[in-house]
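Since the model is a prediction, treat every value here as computed from it, not as a measurement. Every chain is numbered from 1, with letters handed out A, B, ... down the list of sequences.
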There are 4 protein chains.
Amino acid sequence: MSAVKGARTKRMPRAVREQQMMDAAVRTFGQLGYRAASMDEIAELAGVSKPLVYLYLNSKEELFTACIRREAQRLTEAVQAAIQPGLTADRQMWAGLEAFFRHTQENPDGWSVLHRQARTHGEPFAAEVARMREEIAAFVTVLIGAAARQGVPPAPGATGSNRSAELADRDVEGLAQALVGAAESLAGWANEAGGISAKEAAGLLMNFAWTGLGGLMHGERWSPR
Amino acid sequence: MSAVKGARTKRMPRAVREQQMMDAAVRTFGQLGYRAASMDEIAELAGVSKPLVYLYLNSKEELFTACIRREAQRLTEAVQAAIQPGLTADRQMWAGLEAFFRHTQENPDGWSVLHRQARTHGEPFAAEVARMREEIAAFVTVLIGAAARQGVPPAPGATGSNRSAELADRDVEGLAQALVGAAESLAGWANEAGGISAKEAAGLLMNFAWTGLGGLMHGERWSPR
Amino acid sequence: MSAVKGARTKRMPRAVREQQMMDAAVRTFGQLGYRAASMDEIAELAGVSKPLVYLYLNSKEELFTACIRREAQRLTEAVQAAIQPGLTADRQMWAGLEAFFRHTQENPDGWSVLHRQARTHGEPFAAEVARMREEIAAFVTVLIGAAARQGVPPAPGATGSNRSAELADRDVEGLAQALVGAAESLAGWANEAGGISAKEAAGLLMNFAWTGLGGLMHGERWSPR
Amino acid sequence: MSAVKGARTKRMPRAVREQQMMDAAVRTFGQLGYRAASMDEIAELAGVSKPLVYLYLNSKEELFTACIRREAQRLTEAVQAAIQPGLTADRQMWAGLEAFFRHTQENPDGWSVLHRQARTHGEPFAAEVARMREEIAAFVTVLIGAAARQGVPPAPGATGSNRSAELADRDVEGLAQALVGAAESLAGWANEAGGISAKEAAGLLMNFAWTGLGGLMHGERWSPR
DNA sequence: TATGAATGAGTGTTCATTCAT
DNA sequence: GATGAATGAACACTCATTCAT
């Protein structure tokens with residue numbers, strides 16, 4: 001971020017250089033994709049010679065994996081840091097979404113690495129992201145459950161019973177999947193074309209999904225009769 | 001699909017050969033990605049010599065673009081064919097979703113090309129997919145509007161007015177984006193890990209989104225406070 | 001041999017080009033060694049672009065193996081062609097040795113590939129040469145046996161019995177090994193420093209070894225004491 | 001030999017460090033070959049940092065040369081130490097061979113460096129080994145001469161005259177070459193495949209060569225006719 | 001209509017070697 | 001006496017693309 005193009009600064013401790021390299025790598029991978037990104041380019045952007053990149057990070061694959069891991073951790077940390085345990089479920093979810101949209105907006109290349117590149121280039125990488133996704137999905141699942149117990153939007157004249165209706169595990173998984181997908185899609189759109197703020201995106205998604213989730217918890221179902 | 005490996009059949013009319021090549025290309029691009037797929041591989045899978053591929057399709061980029069266009073058209077056609085004009089808005093949306101999930105399930109490589117590969121490899125290709133996405137989003141927007149007029153899930157004690165509330169264009173776009181994202185994510189999950197049918201996926205998504213959409217139309221809003 | 005440096009002749013049938021490449025490879029490997037030889041160099045010497053070398057011969061390793069095989073076959077063929085079945089054992093051996101020395105003299109690079117390079121660079125290659133060596137050693141063993149039956153240099157007052165004495169298999173192997181080693185060493189010396197003809201080398205080796213072999217067959221032994 | 005892997009012991013006198021490095025180098029060169037051995041590997045095996053290797057031994061080439069020299073000296077010393085001046089020529093030769101086979105068996109990496117690697121990698125190195133070879137060959141030549149004067153295996157009914165026949169210098173050189181080659185070949189075989197002891201190998205070679213040599217000294221000749 | 005023959009330009013990776021401390 | 005940090009130059013290998021037939 002500081003040096004747009006390799007201003008070959010000399011003699012840095014290893015840890016620092018490694019971060020510089022990964023910054024350059026995330027940027028390059030994020031914008032060009034795994035295959036199109038060349039180690040030459042990354043090295044130059046990092047202001048280092050190529051052998052040094054290999055000395056520290058061993059191979060393109062390992063470098064990519066390291067990027068994925070770092071960005072995944074940063075993202076989950078950002079989301080989790082935003083959630084304050086004392087709040088109601090809906091407030092928690094909103095806070096999490098807002099942090100998610102904010103973080104992806106501020107780190108578009110990291111987000112591209114996670115969302116687009118990693119999932120596009122074979123098992124080993126996809127698995128790395130899948131872990132993060134599951135972590136988040138699990139968390140969302142918990143929120144949904146909590147919401148149900150706290151009494152979610154009652155939807156007064158609802159056809160279902162008032163007690164939290166049973167939702168098959170599979171369905172919950174699917175819902176989390178849908179929610180995360182919606183958020184991801186929205187993130188991409190908000191950052192590129194939409195030009196809306198993280199807060200707006202979070203509100204939009206809450207409006208879109210929260211009521212439906214609540215309804216489901218109370219046993220409402222849509223069915224093509 | 002017919003010939004697993006290039007059974008060099010001779011002298012075919014151009015149109016047929018072209019389709020064979022694109023079949024091979026979609027399969028290869030879908031499974032390996034744009035950069036990892038090699039023209040050699042595609043030509044061999046198509047049962048043709050490489051120069052012929054170039055003769056008909058000019059370059060790797062054009063070939064990829066052609067694949068995207070073909071698959072995008074097939075997908076939108078499948079979705080639109082499923083929608084019968086006479087039905088209510090919710091039935092129409094359900095039918096569209098069902099067709100979407102079915103088609104992506106039956107054409108995983110084509111779906112991979114559209115969803116993963118095309119969007120991962122630079123503007124020219126992403127634009128091609130964006131067109132399709134907009135087409136669908138526009139269509140969804142119309143449905144939402146129609147739903148509002150037909151009186152969507154009234155949510156009886158709703159806080160909003162009964163008249164269809166104004167939704168900013170930007171918001172509608174965002175909603176469509178979220179819906180499509182949710183559907184895409186669900187499609188990936190359904191095909192790979194989830195193992196659920198197209199009908200189930202469509203139902204799940206309707207449950208998830210339809211109430212919320214309806215609520216929005218009637219002016220309900222979730223807001224953090 | 002014709003073109004000292006890549007006179008890029010155009011459009012040759014594959015078989016011809018392959019031989020050209022292998023000629024260049026044998027020369028380069030023979031003079032520089034496996035590791036020091038670069039594919040660029042080989043390609044240039046062959047008057048071809050590097051990708052073509054890979055297209056036809058797949059990898060440096062396979063190219064090297066192909067060279068070894070070709071040169072091994074040529075050498076054994078040369079030796080075997082020289083041996084006329086009707087002759088006595090000693091004449092046969094002499095003829096074989098003479099052919100061996102002649103061939104190695106005329107193909108120093110091929111000989112270097114077989115004798116030096118192949119055995120120096122790891123199992124897969126050494127095994128290839130070992131096959132040839134065993135073929136020749138087996139052949140030599142047969143000759144020794146035949147010699148014994150035909151009555152080899154009687155060594156008139158020999159201390160051993162007149163019947164062909166038993167030689168343990170292990171010993172015969174060892175003898176063949178020694179003979180082949182002597183021949184190889186002599187070949188190197190004759191070609192480089194010695195400047196003696198193939199005929200002379202063959203005579204020298206017969207003088208050196210034949211009597212001893214004969215003695216052994218009749219049970220003579222040297223023992224320290 | 002003491003430390004299998006660089007147990008970075010600190011602050012050693014230069015001479016000791018140098019020997020450690022050369023031990024590591026001989027091992028690495030012997031097993032991997034000159035080109036395949038990397039300075040990194042050698043430094044690590046020696047338990048030293050790479051710059052130190054350069055400080056003491058200047059370059060890969062010089063390091064290799066130093067290894068060759070050291071191993072060559074050790075080998076010739078071992079051989080010469082085994083020979084007791086008072087003995088008959090044949091006993092001397094046997095003792096020398098035995099020492100040769102024993103030493104190579106006990107120092108396979110050093111032997112590999114001398115026999116395989118040095119001769120395979122260009123003039124500068126080969127010359128170093130050639131010197132050792134010549135030293136030994138010269139010594140063998142002397143032995144052969146001595147044997148002639150002492151009256152070697154008379155081969156009682158020999159066709160040649162009883163006086164030591166004239167052998168052209170060139171021939172003697174060639175014979176020594178053959179003998180050394182046979183010994184070398186036998187050494188490789190004995191160590192790897194044959195699994196025979198140094199004593200056995202020496203005996204085998206004496207049986208193989210000594211009679212022939214003796215015959216030659218008395219003017220016996222094999223000639224093709 | 002269709003292909004065997006051929007290549008320029010680039011990729012990831014490694015290695016011997018040197019500073020600065 | 002000893003090392004962590006760094007690189008220029010090369011190497012094996014691949015790919016999209018074209019030419020001549």
> E:dT11 pairs with which nucleotide, Watson-Crick or G-U wobble, both distances below 3.5 Å?
Replying inline: F:dA12

> Between B:Glu61 and A:Ala15, which has a closest nucleotide on DNA chain F that is more 5'?
Replying inline: A:Ala15

>> Check this for me: does the side-chain of B:Lys50 come within 3.5 Å of the base of E:dT3 through a donor and an acceptor?
In response: no

>> Applying the Watson-Crick and G-U wobble criteria at under 3.5 Å, what pairs with F:dA6? Answer none if nothing qualifies.
In response: E:dT17

>> Here's a test for you: under side-chain contact (heavy atoms from CB on, under 4.5 Å), which of B:Val26, B:Val16, B:Leu52 qualifies with B:Met21?
In response: B:Leu52

> Contact class for A:Arg14 (heavy atom, under 4.0 Å): base, sugar-phosphate, or nothing?
Replying inline: sugar-phosphate

>> Side chains of D:Tyr34 and D:Glu61, heavy atoms from C-beta outward: is any pair under 4.5 Å?
In response: yes

>> Measuring from the side chain of D:Pro51 (C-beta onward, heavy atoms only), which nucleotide among E:dA5, E:dT7, F:dT3 has the closest atom?
In response: F:dT3

>> Can you measure C:Arg17 atom CZ to E:dA5 atom P for me and round it to whole angstrom units?
In response: 10 Å

>> What is the distance, to the nearest angstrom, from the OH atom on B:Tyr34 to the P atom on F:dT14?
In response: 20 Å

>> Just the rounded figure in Å: distance from P of F:dC13 to CG of B:Asp40.
In response: 17 Å

> Between atom CE in C:Met12 and atom C1' in E:dA6, what is the gap in whole Å?
Replying inline: 13 Å

> Side chains of A:Arg17 and A:Gln20: do they bring a donor and an acceptor to under 3.5 Å?
Replying inline: yes

> Tell me: CD of A:Glu62 to C1' of E:dG12, nearest whole Å?
Replying inline: 14 Å

> What's the OH-C1' distance between B:Tyr54 and E:dA5, to the nearest Å?
Replying inline: 16 Å

> Which comes earlier along DNA chain F counting from the 5' end, the contact point of C:Glu41 or that of B:Lys60, where each point is its nearest nucleotide?
Replying inline: C:Glu41

>> Here's a test of your reading of the structure: between A:Arg35 and C:Pro13, which maps to the more 5' nucleotide of DNA chain E?
In response: C:Pro13

> Base, sugar-phosphate alone, or nothing: which one does D:Ala37 contact when heavy atoms must sit under 4.0 Å apart?
Replying inline: sugar-phosphate

> Going through the distances and angles, do D:Leu57 and D:Glu62 end up as a side chain to side chain contact (heavy atoms under 4.5 Å, CB included)?
Replying inline: CA-CA 6 Å; D:Leu57 289 138; D:Glu62 281 189 39; 5.6 Å; no

> Atom CD of D:Glu44 to atom P of F:dT3: distance rounded to whole Å?
Replying inline: 13 Å

> E:dG12 C1' sits how many Å from A:Tyr56 OH, rounded?
Replying inline: 20 Å

>> Need to verify one output field. Residue with the more 5' nearest nucleotide on DNA chain E, D:Ser59 or A:Asn58?
In response: A:Asn58

>> I'd like to know if the side chain of B:Ser112 and the backbone of B:Pro108 have a donor-acceptor N/O pair within less than 3.5 Å.
In response: no

> Considering only side-chain heavy atoms of D:Leu55, which listed nucleotide, F:dA12, F:dA16, F:dA2, is closest?
Replying inline: F:dA2

